[in-house]
Amino acid sequence: MAKLTKLDDIVSLCKRRGFIFQSSEIYGGLASCYDYGPLGVELKNNVKRAWWKNVVQMRDDVVGLDASIFMHPLIWKASGHADKFADLVSECKKCNTRTRVDHLKDSENNAKKAEEHSEHVSVDPGQAKGYDLSHKVCPNCGAVGQFTAPMPFKLMFETQMGANAEDSMTMYLRPETAQGIFANFRNVLDTTRVKVPFGIAQVGKSFRNEVTTKAFIFRTREFEQAELEFFCEPGTDDQWYQHWKEQRCNWYLDLGLKKENLRFRDHDPDELAHYAKACVDVEYRFPFGSGDWQELEGIANRTDYDLRQHQRGMRTLNKWYESGRDLTKIKLADEAEDYQSGPLSYFDEEKKARYIPYVIEPSAGMDRSTLAFLVDAYDEEEVKGETRNLLRFHPALAPIKAAIFPLVKKEGMPEIARRIYDDLKRRFNCFYDEKGAVGRRYRRQDEAGTPFCVTVDGQTLQDQTVTVRERDSMGQVRIATSQLRSYLCDKLDL
RNA sequence: GCGGGUGUUGCUUAGUGGUAAAGCACUAGCCUUCCAAGCUAGCUACGCGGGUUCGAUCCCCGCCACCCGCUCCA
């Protein structure tokens with residue numbers, strides 16, 4: 001099966017078939033940015049649609065949301081991103097290697113071990129200067145105390161809002177979609193009659209100024225997330241965590257990812273983010289390099305951390321104004337004694353009790369998933385001594401659902417095929433082609449992953465039937481034209 | 001950010017200090033009644049910018065991008 005053994009092969013396939021292009025290619029490219037081509041955008045949209053259908057549409061306990069990418073700067077203070085979503089890095093003067101300051105080890109006896117997997121440290125400038133690096137050893141060249149002063153490396157993109165320079169305010173592109181959900185928790189609660197346990201789902205772009213990107217679209221600075229924040233009563237969080245773990249894994253399998261290429265990887269306790277009680281990655285084994293497993297999705301138990309933080313953020317508003325809207329000059333207000341009945345708490349009517357719900361968060365990378373589906377679907381097989389390339393997409397993900405051909409370009413076949421095409425395209429994405437040999441047209445659709453090809457032939461003129469050719473088996477069946485639409489809809493599960 | 005490598009058409013490759021070849025793909029036409037047939041014609045490239053040179057795709061410098069490794073990785 002899988003013949004894509006190098007990342008280059010995947011990149012080449014993506015470009016050749018119009019799935020993914022380098023961004024700004026005519027200007028020499030822009031690092032780490034990619035564009036989705038005609039087939040790619042259909043595929044990615046289908047992935048997002050499949051996620052939405054599974055997580056929102058098919059469930060009674062999840063509602064959707066589309067929050068703006070810009071949010072109030074205090075959101076990022078409360079969430080911890082403004083303080084902690086930055087690395088303190090230092091550069092070795094001898095070998096120019098940059099290293100996170102909190103990963104540096106002491107030269108003497110290594111007694112004071114570096115904090116492995118520590119969260120990002122706070123970067124207020126005062127603290128940065130306070131770091132004593134004179135005893136630290138460079139992990140690359142071994143030089144001791146040769147480091148530059150620690151520099152904060154900002155991981156959030158900044159921009160200005162407001163046309164006038166004087167009263168413009170620093171804004172951040174969101175580094176995750178989750179906070180838009182927490183910020184709307186109250187709104188959804190007040191307007192939709194949802195009851196805990198329930199979830200709010202969102203698909204959208206996020207931006208992180210990663211230190212390094214690399215590896216095609218696995219880690220890009222602009223990327224699309226599909227996130228669900230599932231609110232539940234404290235004490236039930238473990239069971240919902242398990243529930244979503246299963247749900248999310250099944251989603252990938254149901255859409256055709258091969259089981260042997262998918263796995264869970266539980267985070268070690270010291271690997272957990274500061275807010276998380278538990279976290280597991282859904283990983284896919286991409287076929288390039290050393291066969292490395294790559295994260296597609298993280299499922300975390302975020303506890304009540306975020307809602308509690310936003311209650312603190314809401315109490316910080318005045319201080320923020322007084323500081324001249326400068327996040328670096330303020331500290332988040334302390335938590336109220338009675339935070340459990342704060343503005344973002346939930347009142348359980350049955351139990352007559354107020355509490356801050358716990359949150360289970362499945363957070364999936366749509367770009368990564370799209371690529372995984374693409375790579376996993378790729379196949380080559382021998383047919384009569386020739387190689388047949390095809391993409392075995394699940395019908396729900398296939399960019400084109402059906403292609404319609406006249407067998408030859410005469411005897412009225414094109415006209416009939418056109419009519420069928422015009423009818424079918426109202427229901428799903430179709431493609432019409434009448435050029436060249438029909439075999440070639442079949443193979444071309446194989447490479448686009450089109451599950452069905454409908455061919456109008458001589459017999460159609462006699463008895464109004466057409467052939468439906470299936471991508472995976474290349475087998476054909478005759479279907480009455482009048483039943484074609486329902487036949488395909490059934491097969492496509494539409 | 002560091003080290004190494006790469007960059008010729010849509011793709012895969014060839015080649016050269018005198019501006020470039022092939023296959024596939026693509027477009028038009030002919031032919032064609034079920035799995036990449038054939039014939040004819042056509043389109044398309046030396047990543048970008050400097051330098052050396054009479055002349056650079058080739059040599060040199062810088063930049064950009066990608067790949068591998070390191071570092072990093074809510």
Side-chain angles (χ1 to χ4, degrees), chain A residues 6-18 21-34 37 79-81 84-87 89-92 94-100 103 117 119-120 138-141 151 153 155-156 174-179 206-208 210-216 218-219 223 225 227 271-276 279 281 288-290 294-295 298 300 302 361 363 365 383-389 405-411 413 435-447 453 455-461 467 469 471 474-476:
Chain A
K6 295 202 307 283
L7 192 51
D8 279 335
D9 295 335
I10 297 168
V11 175
S12 176
L13 171 81
C14 286
K15 173 156 193 194
R16 192 167 65 244
R17 291 295 145 202
F21 305 125
Q22 173 83 58
S23 165
S24 313
E25 197 181 84
I26 61 170
Y27 284 93
L30 181 64
S32 145
C33 295
Y34 294 90
S79 72
H81 290 89
K84 291 175 180 148
F85 212 72
D87 287 331
V89 295
S90 183
E91 192 169 309
C92 173
K94 276 189 96 171
C95 67
N96 294 325
T97 299
R98 284 187 175 188
T99 313
R100 262 173 66 173
H103 281 189
H117 293 299
E119 267 305 301
H120 296 110
C138 174
N140 184 51
C141 68
M151 301 275 293
F153 191 99
L155 290 180
M156 280 199 294
R174 66 183 179 196
E176 62 176 23
T177 61
Q179 298 306 325
S206 292
F207 305 83
R208 290 180 200 171
E210 302 281 3
V211 179
T212 52
T213 50
K214 305 291 169 87
F216 201 36
F218 293 111
R219 190 176 306 120
F223 59 101
Q225 293 183 300
E227 293 194 302
E271 191 183 356
L272 291 174
H274 56 286
Y275 51 73
C279 187
D281 286 345
F288 51 81
S290 52
Q294 305 275 350
E295 175 189 352
R302 292 181 77 127
E361 176 198 72
S363 171
V383 178
K384 291 179 189 166
E386 299 260 339
T387 302
R388 184 170 81 113
N389 295 332
F405 310 142
L407 185 59
V408 289
K409 207 167 33 168
K410 58 186 183 185
E411 295 172 28
M413 293 181 203
K435 296 287 168 58
V438 73
R440 170 180 294 266
R441 285 177 263 158
Y442 285 148
R443 296 301 177 84
R444 213 180 270 153
Q445 292 306 312
D446 287 342
E447 289 202 316
C453 293
T455 302
V456 172
D457 59 14
Q459 197 179 329
T460 310
L461 307 172
T467 64
R469 180 261 196 190
R471 175 195 64 205
M474 297 198 292
Q476 291 184 322

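The sequence lines fix the lettering, A, B, ..., with proteins before strands; numbering per chain opens at 1.
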pair M413(A)-L407(A): side-chain heavy atoms closer than 4.5 Å: yes

K15(A) vs C11(B): side-chain N/O to OP1/OP2 distance below 4.0 Å: yes

5'-most by nearest nucleotide on RNA chain B - V383(A) or S12(A): S12(A)

Side-chain N,O (R174(A)) to OP1/OP2 (A74(B)) below 4.0 Å: no

side-chain N/O R440(A) vs A37(B) OP1/OP2, d < 4.0 Å: yes

C1' spacing across the pair G3(B) / U71(B), given as an integer number of angstrom: 11 Å

Spacing of the P atoms in U9(B) and C48(B) (rounded, Å): 10 Å

Nearest-angstrom distance from the residue atom CG of D457(A) to C1' of C34(B): 8 Å

Spacing of the P atoms in A36(B) and C26(B) (rounded, Å): 14 Å

Base partner of C43(B), which must satisfy Watson-Crick or wobble distances under 3.5 Å: none

Option passing side chain to side chain donor-acceptor pair (under 3.5 Å) with S206(A) (candidates Q225(A), E176(A), Q179(A)): Q225(A)

Separation of the P atoms in U16(B) and C60(B), to the nearest angstrom: 16 Å

Check: R208(A) side chain, P175(A) main-chain N or O, donor-acceptor pair, under 3.5 Å: yes

Nearest-angstrom distance, C1' atom, G23(B) to U8(B): 15 Å

Length of the CD-C1' vector between Q22(A) and G10(B), whole Å: 16 Å

Any side-chain heavy-atom pair of R441(A) and T455(A) under 4.5 Å: no

Heavy-atom side-chain proximity of Q476(A) to Y442(A) below 4.5 angstrom: yes

Value in whole Å for how far the P atom of G10(B) lies from CZ of R17(A): 15 Å

Rounded P spacing from G49(B) to A65(B) in Å: 16 Å

Side chain of R208(A) - closest among A74(B), C67(B), U32(B): A74(B)

Whole angstrom value for the distance that separates C1' of A65(B) from CG of L30(A): 10 Å

RNA chain B: 5'-proximal contact among G29(A) and A300(A) (nearest heavy atom): G29(A)

Any donor-acceptor N/O pair, R388(A) side chain to R443(A) backbone, under 3.5 Å: no

Sugar-phosphate, base or nothing in reach of S206(A), heavy atoms under 4.0 Å: nothing

Atom-pair distance (CD on E411(A); P on U32(B)), nearest Å: 11 Å

Rounded interatomic separation in angstrom, taking CE from M474(A) and C1' from A36(B): 12 Å

Heavy-atom check, side chain of C14(A) versus side chain of F216(A), under 4.5 Å: yes

C66(B) phosphate, OP1 or OP2, under 4.0 Å from Y34(A) side-chain N/O: yes

Base partner of C66(B), which must satisfy Watson-Crick or wobble distances under 3.5 Å: G5(B)

Base-pairing mate for A56(B) - Watson-Crick or G-U, with both contacts under 3.5 Å: none

Expected output: side-chain E227(A) to main-chain A178(A) donor-acceptor under 3.5 Å: yes

Spacing of K435(A) atom NZ relative to U27(B) atom P, expressed in whole Å: 7 Å

Sugar-phosphate only, base, or nothing, as touched by R441(A) at under 4.0 Å among non-hydrogen atoms: nothing

Candidates C34(B), A65(B), C26(B) - which lies nearest the side chain of A31(A): A65(B)

Side chain of R443(A) - closest among U32(B), A36(B), C67(B): A36(B)

N/O donor-acceptor pair, side chain R469(A) with base C35(B), under 3.5 angstrom: yes

Base-pairing mate for A21(B) - Watson-Crick or G-U, with both contacts under 3.5 Å: U13(B)

C1' spacing across the pair C43(B) / G10(B), given as an integer number of angstrom: 11 Å

Sugar-phosphate only, base, or nothing, as touched by Q445(A) at under 4.0 Å among non-hydrogen atoms: nothing

Under 3.5 Å on both distances, the Watson-Crick or G-U partner of G49(B): C61(B)

Spacing of the P atoms in G18(B) and C72(B) (rounded, Å): 48 Å

Complementary nucleotide of G38(B), counting Watson-Crick and G-U pairs under 3.5 Å: C30(B)

Sugar-phosphate only, base, or nothing, as touched by Q476(A) at under 4.0 Å among non-hydrogen atoms: base

Length of the OH-P vector between Y442(A) and A36(B), whole Å: 11 Å

Nearest listed nucleotide, side chain of S363(A), among C34(B), A65(B), A74(B): A74(B)

